[in-house]
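As structure tokens, the structure follows; a few thoughts come after it.
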Amino acid sequence: MTLDLDGILAGVNEVLGPGRDRQVALHAPRLRGNENKYLTECIETGWVSSVGAFVDRFERMLADYTGARFAIAVVNGTSALHTALLLAGVRPGDEVLIPTLTFVATANAVHYCGAIPHLVDCEWSALGIDAEKLERYLISILTVRDGITVNRTTGRPVRAIVPVHIFGHPSDLDALARVSERFQVTMVEDATESLGSFYQGKHTGNHGLLAVLSFNGNKIVTTGGGGAILTNNEDLAGRARYITTTAKRPHAWKYFHDQIGFNYRMPNVNAAIGCAQLEQLDDFVKSKRAIAERYQDVLGAMPGLRIFREPAFARSNYWLNALVLDQEHTARRDELLERFHRDGILARPAWVPMHRLPMYQNSPAMDLSTSEEVERSLINLPSSP
Ligand SMILES: *Cc1c(COP(=O)(O)O)cnc(C)c1O
């Protein structure tokens, strides 16, 4: 079967519609709700910085929407992940299991803790960590010493596992929770792409000890830049709030800090935008699911490719749609990308996997053949609401 590049291009153009912009981004923010009104409120009252009513309101809205008991708003998803990993007990010299197919921030946050990312493979149904393959691998490399799970080959403790809900599609969280329990490695969800996505009817970010969200400009909900930590554990929520505000002991005038903290709290202006955005989240999800359906209708039956669909156990926000080339056509991926870009369609390949980046190429890793396959064959398509 041949791959019809002209047909694919025409199909994507059909979905984007005749009046499209000359350049179509992968994901552009939509700021047509109360963003302006709330920002003006911040400026007129002078509450622009890291305390203010919008931060509290944003956190409450996040908790309500996701069903998590606590949400702590921070400056970005990376700082949320850094904080969550520290609270999960990740220490210098530990290993943390992360998918090799992820955005670099997941690996960087592990490194910020002084820990080492241990790269694991994904599976095709959700593009998340392959729980079954991981379990077989862990049986062969892990041992328990004095109650601590240790990598036999490196001698280092394996402290945590970070499932990533790739392009908004929930990973198989029940299967991953079983792996986490069996081997006593704490689960922290990287839900930075999955606000609005549900696993077995429950919002993502409720299955690990902690989870993180991102509100970067290209995510489904943006605060300009921002992130949040989710947890159902009150003690962890308090500690998250504390270490992200420089670990300052509450006092009317005294500056006393009893540990090294971080200046990670979200400013009120960002939270103001976030409140307005969350009011529209249901509409965004609806619109993105409709876009996914359109891609499916127009391109789904073309030879040589498929449009990626949510896994059976999930209801996805379809943050980024993806076209998947059949394995025999992956050599033409870059040619197709070039065609898209020449036509102003800023489609992108998946991230270069972590094991091929210079900083992480020597990280411990299992067989990563499925991630390699995914990376070769996948192209993200414009998905703005
Ligand atoms: C966006 C993203 C992050 C980081 O979020 P920032 O807000 O950009 O720091 C982390 N992991 C994944 C998988 C992401 O997509």
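FYI, side chains are in, hydrogens and waters are out, and symmetry mates aren't considered; it's all heavy atoms of this structure. Counting convention: from 1, in listed order, for ligands and their atoms alike.
Heavy atoms of D190 found under 4.0 angstrom from ligand 1 belong exclusively to the side chain. Only the side chain of T192 comes within 4.0 Å of ligand 1, judged by heavy-atom distances. Of all the heavy atoms of V164, the ones lying under 4.0 Å from any atom of ligand 1 belong exclusively to the side chain.
When each atom of ligand 1 is checked for a heavy atom of S214 under 4.0 Å away, the hits are 1 (C), 5 (O), 6 (P), 7 (O). Atoms of ligand 1 found under 4.0 Å from any heavy atom of G226 (numbered from 1 in listed order, with element): 7 (O). Against a heavy-atom cut-off of under 4.0 Å, A105 is close to the following atoms of ligand 1: 3 (C), 4 (C), 10 (C).
Of the charged side-chain nitrogens involved, none lies within less than 4.0 Å of a carboxylate oxygen, so that R178 and D174 do not count as a salt-bridged pair. Between E375 and R333, at least one side-chain N (NZ, or NE/NH1/NH2) sits under 4.0 Å from a carboxylate O, which counts as a salt bridge. Look at R289 and E310 and you find a salt bridge, because one of the NZ, NE, NH1 or NH2 atoms lies within 4.0 Å of a carboxylate O, short of that distance.
Of the options D172, T204, N206, a side chain to side chain donor-acceptor pair (under 3.5 Å) to Y199 is made by D172 and by none of the others.
Protein heavy atom at the shortest distance from atom 15 (O) of ligand 1 is E193 OE2, 2.4 Å.
When only modelled atom types and interatomic distance are considered, E279 and Y38 share a side-chain donor-acceptor pair under 3.5 Å.
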